[in-house]
Asks: 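Encoded as structure tokens, here's the structure I'll be asking about.
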2 protein chains.
Amino acid sequence: MSDEKDDPLMVRAVEKAFRILATFDAANPRQTLTQLADKAGLDRSATQRFTHTLSRLGYLRKDGRTKAYELTPKTLNLAYQYTRSSPVVLRAHPYLSHLNRTTEETISLTVLDDTEIIYLSRYLSPNVLDTDVIVGSRLPAYCSAGGLALLSMLEDAKIEEVLDRSHLRAYTAKTIYDREGIWTRIRFVREHGFAMVEEQIYPGDISIAAPILLADGNVMAAVSLGASRFRYQADAMVQRFVPALVAATRSMSQAIPT
Amino acid sequence: MSDEKDDPLMVRAVEKAFRILATFDAANPRQTLTQLADKAGLDRSATQRFTHTLSRLGYLRKDGRTKAYELTPKTLNLAYQYTRSSPVVLRAHPYLSHLNRTTEETISLTVLDDTEIIYLSRYLSPNVLDTDVIVGSRLPAYCSAGGLALLSMLEDAKIEEVLDRSHLRAYTAKTIYDREGIWTRIRFVREHGFAMVEEQIYPGDISIAAPILLADGNVMAAVSLGASRFRYQADAMVQRFVPALVAATRSMSQAIPT
DNA sequence: ATAATACTTATCGTAATGCGATAACTTATC
DNA sequence: GATAAGTTATCGCATTACGATAAGTATTAT
């Protein structure tokens, strides 16, 4: 275990600032000083200082009337910079855009972050199956198409470690969350070169995914295609979209460096 | 002028951390310690401490080989939280999505941030005019459709202040960047209820925009529709899309609180 | 209405935290 | 293979941020 304590290079003030920012979500878009203090686990004085600082920096705004703080659009900056500086995102863009237009289905680019996948880009279907996944969304790796595609490229031991840390649970009646079930799917990906999941998290959603590899064989990211169960049978989807998906990820594996 | 100095509530460490993060862009996706120190205007020791801290927090990653730092996908978190907590973004979504599907043109939601507009959401055209505007992008208010729609709802004095602070310049041969030209367009928006610009920033782009108002008459955001000059004449575009655009922003003005 | 209460803003002396100079070490350059 | 440039580690000191408290303001109860 890494001890957060007594790390002389660690500037704790920064962590506290991010703790404040991290308390905002759909359920709590506007929060008052004490609410923030409670949720962030800081005392009043500290909360006072950090809300003040973040307000001065332009990331927080205080409603003079209600005294509640809310995030400002400036918080989009960081993500903008990431998107604009990430080689994967930039280089994958033309391929994904093309896939999206030819298939008319939702295309996503995801990476692994420990036990979760993070969505780096989304290209929505005009027919729209609007799950509320957006850029920055996180889903568990073990039951998402992208996650399985990414996991399957790791060493077995690493996968076990990830699963150990994962909170395996059922999101729908169909969710496969037992170890053996998950391993069966990982072996499937390794054998066939793509992952496929049906209604594992969102009812009605079927997704396929394939990994983008580095020259050294390591995974970089995964591309997934999601569609509605009501428009395609699973096997029809595989037939129809897997070749293009796999071809695209192959090309990307070639085209994207480091 | 507000003096950044001696503000006892200001935690400077936070500012420095953000200074480090802000140095990353398309031209500098990976930066080494000294590069960061130079660009952020911090000494080596400070840079050392903040890169360390940000790495521990998961926002930065160091390539062990090249010793270069880069942003991690975790930097998408903040924007995700903003998007998920912003009433404007959430409430506008169905309207914008609908506009996007019925018009098949690119639809954007923007807000004013001093002299610039910030893109809060984008709904791309299947026909794609891929300017490289994405969520989080900033454009000058005075020559963008959304910007003019937003500015026009402010008091004249406020507008002058914004223009004073703006760096008025030509992005294309067609850019209108003289005060009187800008005022003419602002009056146009006030009279007709929508803004319209042709190739002001990106060649080939024509955009129209209309403001979303609060109950008290203040502006909240603007919705813009962008298309290619090669597909529509300006007046054809107005005829074709303005009614739907204005109807949508009217509904949104009603539907979105605070 | 008025008191009581809870929360927000302002102030300040103190100590610990983060500062920045320097040293040890590592990688690139010639 | 020597020199320089850059990165990582260490440490004593002063300053910065801490956190307790007081003053001010809104909210609730009676």
Asks: Could I get the full list of salt bridge (charged side-chain N to carboxylate O under 4.0 Å, His left out) partners for A:D164, not counting sequence neighbours?
Replies: A:R179
Asks: When the distance from CG of B:D63 to P of D:dT8 is rounded to whole Å, what number comes out?
Replies: 11 Å
Asks: Rounding to a whole Å, what distance do you find between A:E15:CD and D:dA17:P?
Replies: 16 Å
Asks: Contact class for A:A46 (heavy atom, under 4.0 Å): base, sugar-phosphate, or nothing?
Replies: nothing
Asks: Going by side chain to side chain donor-acceptor pair (under 3.5 Å), name the pairs with one or both residues in residues 141-152 of chain B, residues two or more places apart or in two chains.
Replies: none
Asks: What pairs with A:D114 under salt bridge (charged side-chain N to carboxylate O under 4.0 Å, His left out), at least two apart in sequence or on another chain?
Replies: A:R165
Asks: Can you tell me how far P of C:dG20 sits from CZ of B:F50, to the nearest Å?
Replies: 10 Å
Asks: Collect all protein-nucleotide pairs involving nucleotides 9-11 of chain C in which both atoms are nitrogen or oxygen and the distance is under 3.5 Å.
Replies:
from	atom 1	to	atom 2	distance (Å)
C:dT9	OP1	A:K62	NZ	3.3
C:dA10	N7	A:Q48	OE1	2.8
C:dA10	N6	A:Q48	NE2	3.4

Asks: Who are the ring pair (Phe, Tyr, Trp, His ring centres under 6.0 Å) partners of A:F194, not counting sequence neighbours?
Replies: A:F188
Asks: Quick check: on DNA chain C, is the nucleotide nearest B:K16 upstream (toward 5') of the one nearest A:Q35, or the reverse? Name the residue that is more 5'.
Replies: A:Q35
Asks: Figure out the CE/P separation between B:M10 and D:dT16, and round it to whole Å.
Replies: 13 Å
Asks: Output the single nucleotide from C:dG20, D:dG19, D:dG6 whose closest atom is nearest the side chain of B:D43.
Replies: C:dG20
Asks: Partners of A:R190 by salt bridge (charged side-chain N to carboxylate O under 4.0 Å, His left out), sequence neighbours excluded?
Replies: A:D156
Asks: What's the CG-P distance between A:L36 and C:dC7, to the nearest Å?
Replies: 13 Å
Asks: Rounded to whole angstroms, how far apart are CZ on B:R65 and P on C:dT26?
Replies: 18 Å
Asks: Report yes if a side-chain nitrogen or oxygen of A:R12 is closer than 4.0 Å to either non-bridging phosphate oxygen (OP1 or OP2) of C:dG18; otherwise report no.
Replies: yes
Asks: Can you confirm if the NZ or CZ of B:K74 lies within 45° of the ring axis of B:Y59 and under 6.0 Å from the centre of its six-membered ring?
Replies: yes
